[in-house]
Chemist: 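One structure, pasted below without further comment.
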Amino acid sequence: MMNYKKYKKQYYMPPVDCFDWTRKDAVEKAPVWCSVDLRDGNQALVIPMDLDTKIEFFKMLCQVGFKEIEVGFPAASETEYVFLRRLIEENLIPDDVTVQVLTQAREHIIKKTFDALEGCKNAIVHVYNSTSYAQREQVFRKDKEEIKKIAVEGAQLLKKLTEEAGADYRFEYSPESFTGTEPEYALEVCNAVLDVWQPTADRKAIINLPSTVQLSMPHVYASQVEYMSKNLKYRENVLISLHPHNDRGCGVSDAELGILAGADRIEGTLFGNGERTGNVDIITLAMNMYMQGFDPELDFNDMPSICARYEEFTGMSVSPRSPYCGQLVFAAFSGSHQDAIAKGMKFREDTDPEHWTVPYLPIDPTDIGRSYDADVIRINSQSGKGGVGYILETQYDLILPKKMREAMGYAAKDLSDHLHKELMPDEIFSLFKEKFENIRKPLAVDGIHFAQLEGGRIVANVNASMNGSEFKLYTGQGNGRLDSVSNALKEAFGLEYELQVYQEHALAKSSSSNAIAYVGIQNPDGTLSWGAGVNPDIIRASIDALITAINNR
């Protein structure tokens with residue numbers, strides 16, 4: 001039974017009103033990205049990755065462009081320890097990549113972490129302890145001074161062991177459960193840690209502010225971040241890092257507002273993998289920057305490959321609606337959406353091919369390795385003439401008259417509805433050929449001969465049959481070849497219709513130099529019937545189109 005009264009606000013607002021809503025409204029510069037897929041993401045998997053898989057994942061993260069990668073908690077398990085040792089001993093860490101290791105602020109864990117780091121060129125040692133009111137009261141049963149002492153002693157040990165190792169490791173501190181910590185107390189603990197480290201311009205410290213559990217709306221987190229940014233000691237030598245989780249579904253919003261509030265760095269995962277509802281999705285964050293015209297400094301030009309490899313490595317699935325990378329995120333089934341996209345693509349091609357303003361598509365799918373034909377226009381029972389016409393034009397070179405697109409659109413909707421499935425492009429093409437191309441029943445024409453009269457009129461001698469009757473020769477006159485054939489057929493079989501639409505074009509993608517003609521005839525009741533003819537001879541193609549239109553009455 002749901003009972004909302006058992007819950008109360010758990011977050012803490014800063015002692016002053018911080019967040020300024022009049023500031024800039026877009027993230028314009030890429031933060032420092034740190035992938036935590038191999039640690040935070042890995043520990044959230046039902047079956048954590050094995051050693052070889054983690055190495056392949058690490059290589060992919062380097063290829064994407066991450067310069068900081070948290071590789072694990074080497075003191076937590078033998079696999080984590082051996083993984084870091086292999087990266088170091090097999091020289092798998094690029095010179096421009098820094099690996100990050102996590103450790104609790106406990107002496108024996110910190111010492112084992114430093115053992116694992118021996119020989120590492122570039123490393124960040126990330127130490128943390130929980131500072132929230134709930135954990136102080138319920139888990140550790142320590143007061144504020146005792147919790148701060150844990151953080152300070154951990155910071156001192158990091159500095160001491162680094163100096164003893166003759167290394168140049170950088171340091172990071174997280175007041176875990178920051179969002180459940182009184183901001184002034186979190187500031188006090190972080191400043192005490194910074195007093196130990198004494199960060200400098202060429203060796204900056206990282207203060208990481210995790211939204212370990214999202215306890216508030218994003219603007220509250222942003223206010224907490226800005227309070228810390230404005231009041232931290234050594235601010236010019238400190239990188240403020242954010243580690244948002246997604247318990248309220250606001251991980252991306254937390255991160256974006258947090259950057260606007262002063263953060264310099266983001267820790268997150270590909271596709272938002274992580275405990276409970278996950279970490280912030282770095283792909284979404286980076287692509288949000290990209291679609292507003294800013295360089296995210298990460299390379300997602302082959303998103304399908306990244307998706308496939310991620311699923312292979314983790315056993316997780318990328319949601320078909322996951323922003324930017326899901327199978328269906330560019331798909332338009334709605335007829336009105338398809339029409340707008342098709343028109344937008346044409347408008348861009350004709351007026352401003354250098355910029356992207358296509359309706360319903362925030363980015364160009366081809367930028368990340370997707371295609372218009374396979375990913376954008378998708379046909380089902382909700383689709384309309386625009387999408388069907390777009391597929392026939394772009395994939396099969398068929399430029400249907402406007403009203404014929406409507407007829408073909410209805411035919412596709414009916415088939416999809418009957419089959420209860422999406423129609424693939426080849427199925428749509430087959431449907432077009434079945435319904436509208438070179439149909440020879442009940443009317444069939446076996447041969448035609450033309451003669452020209454004085455004054456330019458044409459005589460057509462048409463050998464035709466209706467409903468399987470014997471072929472006979474019929475004659476008609478007209479202003480042109482198609483008109484003369486039409487008149488012959490009207491006279492022969494008592495047909496009533498008017499030629500309304502005629503259109504033709506070459507089939508550029510055809511290897512046999514075919515042409516296609518489209519004919520629309522208006523019946524006595526006002527309806528239109530359509531036909532198409534395909535033949536190397538455009539005259540024969542137009543006659544076949546007329547015959548098909550008559551057969552479709």
Side-chain angles (χ1 to χ4, degrees), residues 7 9-14 17-37 40-41 44 132 174-181 183 186 207-230 239-298 300 318-326 329 362-363 368:
Y7 301 101
K9 290 194 301 184
Q10 301 179 62
Y11 62 85
Y12 297 89
M13 285 293 291
D17 185 15
C18 279
F19 196 69
D20 179 6
W21 290 97
T22 64
R23 67 174 67 246
K24 63 184 180 181
D25 60 0
V27 178
E28 299 177 359
K29 182 180 182 299
V32 177
W33 302 109
C34 178
S35 162
V36 295
D37 289 90
D40 203 344
S132 72
S174 288
E176 192 201 2
S177 302
F178 167 74
T179 48
T181 304
I207 293 295
N208 187 52
L209 306 175
S211 176
T212 307
V213 177
Q214 281 187 323
L215 300 177
S216 64
M217 294 174 69
H219 73 285
V220 175
Y221 183 54
S223 295
Q224 295 168 334
V225 170
E226 185 159 11
Y227 172 74
M228 297 292 286
S229 178
K230 288 181 174 179
L239 295 176
I240 290 184
S241 176
L242 307 181
H243 186 114
H245 278 251
N246 201 41
D247 301 85
R248 291 167 56 100
C250 301
V252 170
S253 300
D254 273 0
E256 291 184 330
L257 286 182
I259 293 172
L260 296 182
D264 310 293
R265 182 178 185 267
I266 295 291
E267 294 186 350
T269 59
L270 301 181
F271 309 102
N273 182 36
E275 292 176 294
R276 303 182 309 281
T277 57
N279 291 281
V280 67
D281 180 1
I282 285 182
I283 292 178
T284 300
L285 275 175
M287 293 306 300
N288 282 355
M289 289 186 59
Y290 180 80
M291 64 86 64
Q292 291 196 328
F294 301 103
D295 183 4
E297 299 178 16
L298 292 175
F300 295 117
V318 176
S319 166
R321 298 294 182 188
S322 183
Y324 301 105
C325 43
V329 297
I363 66 165
I368 56 173

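Everything numeric in this text was worked out from a predicted model, so none of it was measured.
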Chemist: Show the nearest heavy-atom pair for residues Ile259 and Leu242, with the distance to one decimal.
Modeler: N-CD1, 4.1 Å

Chemist: Identify the heavy atoms of Pro362 and Met291 that sit nearest to each other, and give their distance.
Modeler: CB-CE, 3.7 Å

Chemist: List the atom of Tyr221, the atom of Ser211, and the distance in Å for their closest heavy-atom pair.
Modeler: OH-N, 3.9 Å

Chemist: Working to the nearest 0.5 angstrom, can you tell me the gap between Ser322 OG and Phe271 CZ?
Modeler: 6.5 Å

Chemist: Is it the case that more than 12 heavy atoms not belonging to Tyr12 sit under 6.0 Å from its OH atom?
Modeler: yes

Chemist: Given 3.5 Å as the limit, does a donor-acceptor pair link the side chain of Asn246 with the main chain of Gly278, or not?
Modeler: no

Chemist: Would you say that Ile363 contacts Tyr324 through its side chain, given a criterion of any heavy-atom pair below 4.5 Å between the two side chains?
Modeler: yes

Chemist: Working to the nearest 0.5 angstrom, can you tell me the gap between Leu239 CG and Cys34 SG?
Modeler: 11.5 Å

Chemist: Between atom OG1 of Thr181 and atom CD of Glu176, what is the distance when rounded to the nearest 0.5 Å?
Modeler: 9.0 Å

Chemist: Can you tell me how far CE of Met13 sits from CD of Gln224, rounded to the nearest 0.5 angstrom?
Modeler: 7.5 Å

Chemist: Do any N or O atoms from the side chain of Trp33 and from the backbone of Pro296 form a donor-acceptor pair under 3.5 angstrom?
Modeler: yes

Chemist: I want to check something: taking the side chain as every heavy atom from C-beta on, are Asn208 and Phe178 in contact at a cut-off of under 4.5 Å?
Modeler: no

Chemist: Given side chains that start at C-beta, do those of Pro210 and Pro244 come closer than 4.5 Å, heavy atoms only?
Modeler: no

Chemist: Let me see the working for Glu256 and Leu285 under side-chain contact (heavy atoms from CB on, under 4.5 Å), right down to the final yes or no.
Modeler: CA-CA 8 Å; Glu256 291 184 330; Leu285 275 175; 3.5 Å; yes

Chemist: Before giving the answer on side-chain contact (heavy atoms from CB on, under 4.5 Å), spell out for Ile368 and Tyr290 the whole-Å C-alpha distance, their side-chain angles and the decisive distance to 0.1 Å.
Modeler: CA-CA 11 Å; Ile368 56 173; Tyr290 180 80; 5.7 Å; no

Chemist: Using every non-hydrogen atom in the two residues, find where Ala255 and Val280 come nearest and quote the distance to one decimal.
Modeler: CB-CG2, 4.0 Å

Chemist: Ignoring hydrogens and angles, tell me if any N or O in the side chain of Asp40 forms a donor-acceptor pair with the backbone of Gly274 under 3.5 Å.
Modeler: no

Chemist: I'd like to check His243 versus Asn279 (side-chain heavy atoms, cut-off strictly below 4.5 Å). Are they in contact?
Modeler: yes

Chemist: Could you state the interatomic distance from CG (Asp247) to CD (Glu275), rounded to the nearest 0.5 Å?
Modeler: 10.0 Å

Chemist: Less than 4.5 Å apart, any side-chain heavy atom of Val27 and any of Phe294?
Modeler: no

Chemist: When rounded to the nearest 0.5 angstrom, what distance separates CE in Met287 from CD in Gln292?
Modeler: 12.0 Å

Chemist: What pair of heavy atoms forms the shortest contact from Pro31 to Ile266, and how long is it?
Modeler: CG-CG1, 3.8 Å

Chemist: Can you find a pair of side-chain heavy atoms, one from Ile240 and one from Leu209, that are under 4.5 Å apart?
Modeler: yes

Chemist: Ignoring hydrogens, what is the shortest heavy-atom contact between Asp281 and Thr284? Give both atom names and the distance.
Modeler: OD2-OG1, 2.8 Å

Chemist: Looking at Arg248, is its backbone amide N or carbonyl O close enough to the side chain of Gln214 to form a donor-acceptor pair, meaning the two atoms are under 3.5 Å apart?
Modeler: yes

Chemist: Residues in side-chain contact (heavy atoms from CB on, under 4.5 Å) with Ser216, at least two apart?
Modeler: Tyr11, Val220

